[in-house]
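FYI, side chains are in, hydrogens and waters are out, and symmetry mates aren't considered; it's all heavy atoms of this structure. A note on names: the letters A, B, ... follow the listed sequences, proteins ahead of strands, and every chain is numbered from 1.
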Protein chains: 2
Amino acid sequence: MSIQFNTKVDCQYCPIRHRAVCARCDDSELEVLNAIKTYRSFEAGQPIVWRGEPLQFVASVVSGVASLTKTMEDGRTQMVGLLLPSDFIGRPGRREIEFDVTATTDVTLCCFEYKAFETLVNDTPHLSQRLMELALDELDAAREWMLLLGRKTAREKVATFIEMLVRRSKVDDIEGNRPEMALPLTREQMANYLGLTLETVSRQLNALKKDGILSFTDRRNFNVTDISQLHLETGDDADGGVIS
Amino acid sequence: MSIQFNTKVDCQYCPIRHRAVCARCDDSELEVLNAIKTYRSFEAGQPIVWRGEPLQFVASVVSGVASLTKTMEDGRTQMVGLLLPSDFIGRPGRREIEFDVTATTDVTLCCFEYKAFETLVNDTPHLSQRLMELALDELDAAREWMLLLGRKTAREKVATFIEMLVRRSKVDDIEGNRPEMALPLTREQMANYLGLTLETVSRQLNALKKDGILSFTDRRNFNVTDISQLHLETGDDADGGVIS
DNA sequence: CGCTTCCTTGAGTAAATTCAAGACTTGTGG
DNA sequence: CCACAAGTCTTGAATTTACTCAAGGAAGCG
């Protein structure tokens, strides 16, 4: 069994307070949200929503990582989104989604009953504005990923994925030296995100290790040993704009 | 010089009236839009907006086709969106975009000055709701394309592209028999949309012709001779749900 | 007519996949 | 504590798909 995390944290102390759907809400709006929110936990591997199934709730990811995946009839699958803390599940006016949402690590969600949330959105510009921002951010991210899927080499894909993990996780980390990080996905899941096979992902990760860009403490935990070289490997800039 | 098309058509008779950003507007709202709109035309190949350049206007595509493309430093390019009539350029709160917008055929846009439109959106729920719907539609389309780019074969990619053209253009056509259609993109542009090379696109189109699925009157104009087989070739269904 | 752009087709190549075998990790039960 | 199984990951060898390179044909435009 996974760690349960169903104790409601007051929004004031919520780690995703300033990035989630509630980011623009004032104190009184936050009180309303606080009153109707519930926490739910999912173990790694569990489904959160099935494709085509009507949403019972919408939710923000509080901790952990969830994935959005599309599957073809013959089993080929493509991950079309990765939900990290502060990301949102569910869209106004869309009761069904056309991909599966799955917990890839243990996940805690801050949930709102579908209908109640919809009503609230209609009365709360701060919420609907933020939902639009989140949707546009996702659209930008999806298009960035289209470039990766269509045009990048295997090595560039893997480097880009690692760089994205570093960028997104820094939000939660204390400034300064770069702590060890965990891969929230298996080789197979990374392959499905990057449009590769699991063998190719494995080979490329080990190549980045051999080249002194990453170092691994075990198969899932690593350090970036050369962040500027990592950036060069993404193909995103001719000359590596150093990140940190 | 291309055909100019700068005569303002009254919204009432506008071909995209019921699908564009104005779809939900009532008569009085339409009057306001009608007063501030202007038409602009672009010849095939002309840039409409450069990446990073502040938008002077937002616009709906009235006729023609425009493309959104991302380019890497070394010249690799990926088309991340295709704008057909009724599609919208520009998003609330985002004055800059991170891709180039280019006319791929002669294009006519229904334009609104950026600041004026933004003000109007804030006062008009019918507009902001519709903008959200359009953004979510684009997000769905982007994710569908991620599956194509990451997991489909060259043949499936080309078949999917043709099927999408047929589906989207039917909107404007009279019901019944399938009229001749034009490819709005060169082989190279299709390749950039599909994550292929232009040679591969050419080979796959000719293979679909050889297999009796398409027939060409010239290089840019074709008929779908076997729509249900075309659907089978997209890989989207194990057994082809017949479309028409 | 000549130029340019677009498209086709062939031959050889390369990047990533497929297939296969085995190693490491973790948890379960003897 | 060890054996065993399941899941995950690595590595090698052969294969395949799409790419690259190259040449030439067709269409459009001055």
Q) Starting at NZ of B:Lys157 and ending at P of D:dC19, how long is that distance when rounded to a whole Å? A) 7 Å
Q. Hey, can you pull the residues of residues 194-211 of chain B with a non-hydrogen atom under 4.0 angstrom from DNA chain C?
A. B:Leu198, B:Glu199, B:Ser202, B:Arg203, B:Asn206
Q | Carboxylate-amine/guanidinium proximity below 4.0 Å for B:Asp74 and A:Arg151 | A | no
Q) So which nucleotide from C:dC7, D:dT8, D:dA18 ends up closest to the side chain of B:Thr186? A) C:dC7
Q | Rounded distance in Å - CD (B:Gln189) to C1' (C:dT5) | A | 12 Å
Q | Atom pair distance, as rounded to whole Å: CD in B:Glu188 and P in D:dT20 | A | 12 Å
Q | Salt bridge present between B:Asp87 and B:Arg168 (N-O < 4.0 angstrom) | A | yes
Q) Taking CG from B:Asn221 and C1' from C:dC7, how many angstroms apart are they, rounded to a whole number? A) 15 Å
Q. Whole Å only: how far is the CZ atom of B:Arg220 from the C1' atom of D:dA26?
A. 14 Å
Q | Flag for A:Thr38-A:Lys8: side-chain donor and acceptor within less than 3.5 Å | A | no
Q. Would you say the side-chain atoms of B:Glu180 and B:Thr217 include a donor-acceptor pair closer than 3.5 Å?
A. yes
Q) How long is the line joining CG of B:Asn192 and C1' of D:dC19, in whole Å? A) 14 Å
Q | Distance-only polar pair, side chains of A:Asn223 and A:Ser215, donor-acceptor under 3.5 Å | A | no
Q. Is any N or O donor-acceptor pair between the side chain of B:Arg219 and the base of C:dC6 shorter than 3.5 Å?
A. yes
**Q.** Spacing of A:Asp218 atom CG relative to D:dC9 atom P, expressed in whole Å
**A.** 10 Å
**Q.** For atom NZ of B:Lys152 and atom C1' of D:dA18, their distance in whole Å
**A.** 18 Å
(Q) Does this structure show an ion pair linking A:Asp140 with B:Arg94, if we count only N-O contacts that are shorter than 4.0 Å? (A) yes
